[in-house]
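Everything below concerns the one structure shown next.
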Amino acid sequence: MKLCGVEIPPDIYIPEIDPESKAELDELHESIILERAQRKRRLAESPIADIIAKTKTAPLPPDANKPLNFQVEKLRLLSPWARARILYVMRDQVTP
């Protein structure tokens, strides 16, 4: 199994995640998406939206578009419980 293209060694134990945890993480993900959409809508409807749009912001760092990566050593430091949840949340970046 690979995460972000980095092989996860077979000696790192990653348990199956229980259905309740999956539902909780999915609900959290949906709430984050909803909150972002609401924030965007409120900004568009704000009477000062044009002022906010003209406000200068700090530029993104040069590495902002780099692909995600991780370190196997850091994954080893996590509990099996945390590893399972990290891999579930990042399931779009997990490959066989």
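In this chain, residues are counted from 1 in sequence order. All values reported here derive from a predicted model rather than from experimental measurement.
Using a 4.5 Å cut-off on side-chain heavy atoms (C-beta onward), H29 and L25 make no contact. The side-chain heavy atoms of L77 and K74, taken from C-beta on, include a pair separated by under 4.5 Å.
Applying the salt bridge (Lys or Arg N to Asp or Glu O under 4.0 Å) rule to pairs touching residues 38-47 yields E35-R39, R41-E45, sequence neighbours excluded.
Of the inter-residue distances, the one linking L75 atom CG with I8 atom CD1 reads 5.5 Å to the nearest 0.5 angstrom. To the nearest 0.5 Å, the span separating CG on N65 from CG on L60 amounts to 7.5 Å. Distance check, rounded to the nearest 0.5 Å: CZ of F70 to CE of M90 gives 8.0 Å. To the nearest 0.5 angstrom, D92 atom CG is 11.0 Å from L3 atom CG. One distance of note links CD of E27 with CG of L34; it measures 11.5 Å at 0.5 Å rounding. Separating the CG atom in L78 from the CZ atom in R85 is a distance of 12.0 Å, to the nearest 0.5 Å.
Heavy atoms of other residues, nucleotides or ligands lying less than 6.0 angstrom from CE of M1 number 12 at most. Atom CD of E16 has 12 or fewer heavy atoms from other residues, nucleotides or ligands within 6.0 Å.
Nearest heavy-atom pair, P15 versus A84, reported as atom, atom and distance to 0.1 Å: O-CB, 3.4 Å. Nearest heavy atoms, A44 versus A49: O-CB, 4.0 Å. A pairwise comparison of heavy atoms in P9 and E7 identifies CD-O, 3.5 Å as the closest pair.
If you chain together ILVMFWY residues whose side-chain heavy atoms come under 4.5 Å of each other, L43 ends up grouped with I48, I51, I52.
Judged by distance alone, with hydrogens and angles left aside, the side-chain atoms of R83 form a donor-acceptor pair with the main-chain N or O of R76 at under 3.5 Å.
Remark: R91 is positioned above the aromatic ring of Y88, its terminal NZ or CZ atom under 6.0 angstrom from the ring centre and at most 45 degrees off the axis.
No continuous path of hydrophobic side-chain contacts links W81 to I17 [ILVMFWY only; heavy atoms under 4.5 Å].
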